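A short write-up of the structure that comes next.
For clarity, every value in this text was computed on a predicted model and none was experimentally measured. To find a chain, count down the sequence lines: A is the first, B the second, and so on, and within it residues start at 1. Every heavy atom of this structure was used, including side-chain atoms; hydrogens, water molecules and symmetry mates were not.
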Amino acid sequence: MSGWMLIDVALFAILLCSGIAIAKIRQLFAVAMLSGIFSLTSACIFVMQDAVDVAFTEAAVGAGMTTVLLLGALALTRTREKLTPTARSVPALLVALTTGALLVHASGDLPAFGIEDSPVQTHPVTERYLVSSVEEIGVPNVVTSVLASYRGYDTFGEVVVIFTAAVAVLMLLGQRAPREVRERAAPMRDRQRVLRVIAKLLIPFILLFGLYVQFHGDYGPGGGFQAGVIFAAGVVLYALVFGLDAARAAVPMRALRPLLAAGVLLYGGVGVATLLLGGAFLDYDLLAAEDPVAGQHLGILLVELGVGITVTSAMIMLFYGFAGRGIGRGVGRS
Amino acid sequence: MLLAATLGLLVAMLLALARAVFGPTLYDRILAVNSFGTKTVLFIAVVGFLAGRPHFLDIALVYALINFIGTVAVLKLSHYGEFGASASGEHGDDL
Amino acid sequence: MSLLSYYNYWIAIVLMMVGLYVVMSHANLVKKMIGLNVFQVAVFMLFISLGKVRGGTAPILDPAFTTYSHPLPHVLILTAIVVGVATTALGLALAVRIHEAYGTTEEQDALKRDDAESGAR
Amino acid sequence: MSLLQSILQITADLALGAGVLLVLTGAAGLHRLSEFFMRTHAASITDSAGAGLVILGLLLRSEEFATALRLLLILLFLLFTSPTASHALAQAALGDGLKPRTGKPHARDGAQTP
């Protein structure tokens, strides 16, 4: 057993423990927090398996946004679930065990973990991505070139899905937006000052970091998806510390709605532009005359910008949706 | 040395997880999750050096950031029961 | 040997089943979404481990390295994660609306209330 | 390998080892101590001294300026956020009626508050 494998095994043990704890614990607050731990651990495993971009996204999205949204939903619903009756749990357990056994049996047909001549690695597309992409696209981060160029069409679809989901959540939760504002006396002592000062100090740097991730995605882990979530996280922090109304004044809904669409339109617009230039949809080679690589760079930059804008506004809108629904009911504490 | 450090951090993560699972109060869990997050930041940093590609430290920075925001979110929610409350509320002064 | 070359997949399968169990057995809708998330992460892990090469490194090209893990699973999963949070948010929004309409997020209670209302009519 | 380099290497290893040891101490404290406010104390060992020493150890190993800069940023970020988080957490717990146990070890009034 090598050291790497020991690390892997330890991470898997943590992951399994937190997974089982998620299934067992009935206080949903605790479960939401454990799911944060679960996400962070799985992100560590992604780093161990060389998927740095995925780890980046999982940490920002899975551990960050999902936890915040879960907490937002818990604030609006019950925070303790009922005991699961045996009549339900035993059949479910049987089904899960059977399915698991079948899958374990089937996993024998998968290539052994990490071997070099698995179908994934010997497929001709591997060579294309890892070797030819240097001349064709000239971006060191292969994940970015595959995401934005080779499979740009696919990514466009994903961005549209995010757009649709944000619109749907807005339709479900955005109706009763102006909740009653409870009058509150000004605090006598400002004991939250530490949090407020630190947040004020950090938020500009968080936004700056988001921009860095957005534009450094060609050379390191990062890109539009991650940057969008980090940007949104900055706004979420602002809303948490200074109140939702302050955040809504700073980043108003009427700016987010057009932005949500603008990102998708920018992405699609690049595709239409390449069509008008006489190429295929999202064929960036034509964007710069005589220099396909420069065209690819420009195309990837614009497309990632579109992704970033849509993801940022979608995430902020999701947060506003859940936070704005709050009617001020008390939450049972564990 | 780096490998030993990584394994040490993993043991520490396991201990923090145990505290997060067993509680008993909500604040114990929040504390454990926050501490777990700090340990993953260190873990990612050390593993970057172990793999010989230390310029992936951006990921560790994201972890630290998300960890902080998550803690603030949980505190806000457990304290007010909603996200929307502004900071200067009736008991807004004791967070 | 077989244990060492397949354990990644098995862990992913066990986690998938934990997620499946939560989705099937628990009646609370928010808990169901969390279970779905667990399942989702397990699928991601299965995908990512298919792209890994032993001795490889992250697919960010650098003259110092020659072996890289396959970037395609990374791309697919990266987008899937963000789409996953969008769909999770949609599911949670539905749970919130169900809670507002029925006063409960437990599946059974909501169904019971539906039955009672249709019976009274 | 010059003398300076080996000194650097040894210092880096020492800092890393001491840091991980402190992180482990903090985690053990988090696990073993009997009450919330004591546990915050244990957790803060991880956040301050543990994280600081681990990052110092890595800093002495890093060869590029960009890596060192990122490590320093992480350290700075941790030094800003973890005390803030602990402070907010302890304030919230105190406001919620959790009392730090003081004086005699038998007085367990605050520890069991749900």
Side-chain angles (χ1 to χ4, degrees), chain A residues 12 19-20 22-23 28 31 35 42 45-46 49-54 57-58 61 65-66 69 73-74 76-78 81-82 84 88-89 92-93 95-96 100 103-104 107 110 112-114 116 120-121 126 129-130 140-143 146-147 151 155 158 161-162 165 168-169 172-173 225 311 318, chain C residues 5-6 8-11 13-15 17-18 20-22 24-28 30-31 34 37-38 41 44-45 48-54 56-62 68-72 74-75 77-79 81-83 85-90 92-97 99 104-106:
Chain A
F12 281 136
I20 291 167
I22 285 173
L28 293 177
V31 173
S35 82
S42 68
I45 290 175
F46 293 149
Q49 298 187 349
D50 302 338
V52 278
D53 275 281
V54 179
T57 320
E58 176 68 31
V61 173
M65 268 337 267
T66 308
L69 292 179
L74 285 179
L76 300 173
T77 58
R78 202 176 276 276
E81 64 168 335
K82 289 188 173 171
T84 309
R88 263 180 94 99
S89 64
L93 198 63
V95 171
L103 283 176
V104 167
S107 74
L110 285 172
F113 174 69
E116 279 173 29
V120 182
Q121 307 297 341
T126 313
Y129 288 162
L130 289 176
N141 187 353
V142 185
V143 174
V146 176
L147 179 90
R151 297 186 65 89
T155 311
E158 312 275 13
V161 170
I162 294 165
V169 171
L172 284 169
L173 294 183
F225 286 102
V311 172
L318 293 180
Chain C
S5 40
Y6 288 102
N8 271 49
Y9 307 138
W10 292 343
I11 299 273
I13 289 169
V14 170
L15 282 173
M17 289 312 116
V18 170
L20 184 67
Y21 169 76
V22 172
M24 283 195 299
S25 71
H26 288 254
N28 188 300
V30 177
K31 181 86 174 229
I34 296 174
N37 252 330
V38 171
V41 168
F44 296 163
M45 279 177 46
I48 295 293
S49 55
L50 284 174
K52 164 82 180 164
V53 185
R54 239 173 231 159
T57 180
I60 295 176
L61 303 178
D62 188 324
Y68 299 99
S69 289
H70 202 282
L72 187 55
H74 301 185
V75 174
I77 297 310
L78 194 159
T79 49
I81 290 175
V82 184
V83 170
V85 73
T87 47
T88 304
L90 187 58
L92 290 174
L94 283 171
V96 166
R97 287 304 295 264
H99 183 83
T104 176
T105 36
E106 304 281 327

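- Counting heavy-atom pairs closer than 4.5 Å to chain C, the top-ranked of the candidates A:Ala168, A:Ala96, A:Ala165 is A:Ala96.
- C:His74 has its side chain out of reach of A:Phe46: every pair of non-hydrogen atoms, C-beta onward, lies at least 4.5 Å apart.
- Proximity to chain A (any heavy atom under 4.5 Å) is restricted, for C:Ala95, to the backbone atoms N, CA, C and O.
- Top candidate by heavy-atom pairs under 4.5 Å with chain C, chosen from A:Val311, A:Leu318, A:Leu130, A:Asp53, is A:Leu130.
- With A:Arg151 contributing its side chain and C:Val75 its backbone, the two residues share no donor-acceptor pair below 3.5 Å.
- A search for side chain to side chain donor-acceptor pair (under 3.5 Å) contacts involving C:Thr87 returns nothing, not counting sequence neighbours.
- By number of non-hydrogen pairs under 4.5 angstrom with chain A, the leading residue of C:Gly56, C:Ala86, C:Ser69, C:Ala58 is C:Ala58.
- Only the side chain of C:Ile13 comes within contact range of chain A, with heavy atoms under 4.5 Å apart.
- Heavy-atom distances place the side chain of C:Ile34, and not its backbone, under 4.5 Å from chain A.
- C:Trp10 and A:Ser107 get closest at one heavy-atom pair: NE1-OG, 2.9 Å.
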Could you walk me through whether A:Val142 and C:Ile60 pass side-chain contact (heavy atoms from CB on, under 4.5 Å), step by step? CA-CA 6 Å; A:Val142 185; C:Ile60 295 176; over 6 Å; no

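- Only the side chain of C:Tyr9 has a heavy atom closer than 4.5 Å to any heavy atom of chain A.
- Nearest heavy atom pair, residue A:Val143 against residue C:Pro71, reads CG2-CB, 4.2 Å.
- Qualifying ring pair (Phe, Tyr, Trp, His ring centres under 6.0 Å) partners for A:Tyr129, counting only residues two or more places apart in sequence or in other chains: A:Tyr150.
- A heavy-atom distance below 4.5 Å is not found between the side chains of C:Leu92 and A:Val169.
- Judged by distance alone, the side chain of C:Lys31 and the main-chain N or O of A:Ile22 form a donor-acceptor pair under 3.5 Å.
- Of all the heavy atoms in A:Gly19 and C:Val18, the pair that sits closest is O-CG1, 3.6 Å.
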For C:Asn8 and A:Phe12, run side-chain contact (heavy atoms from CB on, under 4.5 Å): C-alpha distance rounded to whole Å, both residues' side-chain angles, the deciding distance at 0.1 Å, then the answer. CA-CA 9 Å; C:Asn8 271 49; A:Phe12 281 136; 3.8 Å; yes

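- In terms of non-hydrogen atom pairs under 4.5 Å with chain A, the most contact-rich of C:Asn37, C:Thr57, C:Ile77 is C:Thr57.
- If you measure heavy-atom distances from C:Val53 to chain A, the contacts under 4.5 Å come from both the backbone and the side chain.
- Between chain C and the residues A:Ile45, A:Leu93, A:Val31, the largest count of heavy-atom pairs under 4.5 Å involves A:Leu93.
- The residue among C:Val30, C:Val22, C:Thr105, C:Ile48 with the most heavy atom pairs within less than 4.5 Å of chain A is C:Ile48.
- Rounding to the nearest 0.5 angstrom, the gap separating the CG atom in C:Asp62 from the CG atom in A:Asn141 is 12.0 Å.
- The part of C:Leu20 that comes within reach of chain A is its side chain, from C-beta onward, which places non-hydrogen atoms under 4.5 angstrom from that chain.
- Of all the heavy atoms in A:Val120 and C:His70, the pair that sits closest is O-CD2, 3.4 Å.
- Of the two parts of C:Ser49, the backbone and the side chain both hold a non-hydrogen atom closer than 4.5 Å to a non-hydrogen atom of chain A.
- Summarising the geometry, atom CG belonging to C:Leu72 is positioned 8.5 Å from atom OG1 belonging to A:Thr126; distances are rounded to the nearest 0.5 Å.
- Between A:Gln49 atom CD and C:Leu50 atom CG the span is 9.5 Å, to the nearest 0.5 Å.
- Separating the NE2 atom in C:His99 from the CG atom in A:Leu74 is a distance of 10.5 Å, to the nearest 0.5 Å.
- Considering all non-hydrogen atoms of both residues, C:Ser25 and A:Ala92 come closest at CB-CB, 3.6 Å.
- Within the 4.5 Å cutoff, no side-chain heavy atoms of A:Asp50 are placed close to those of C:Tyr68.
- In this structure, the portions of A:Leu147 lying under 4.5 Å from any heavy atom of chain C include both its backbone and its side chain.
- For the pair C:Thr88/A:Leu69, no side-chain contact is recorded, criterion being any heavy-atom separation below 4.5 Å from C-beta on.
- The shortest heavy-atom contact between A:Ala112 and C:Tyr6 is N-OH, 4.2 Å.
- For the pair A:Glu58 (side chain) and C:Leu78 (backbone), a donor-acceptor distance under 3.5 Å is absent.
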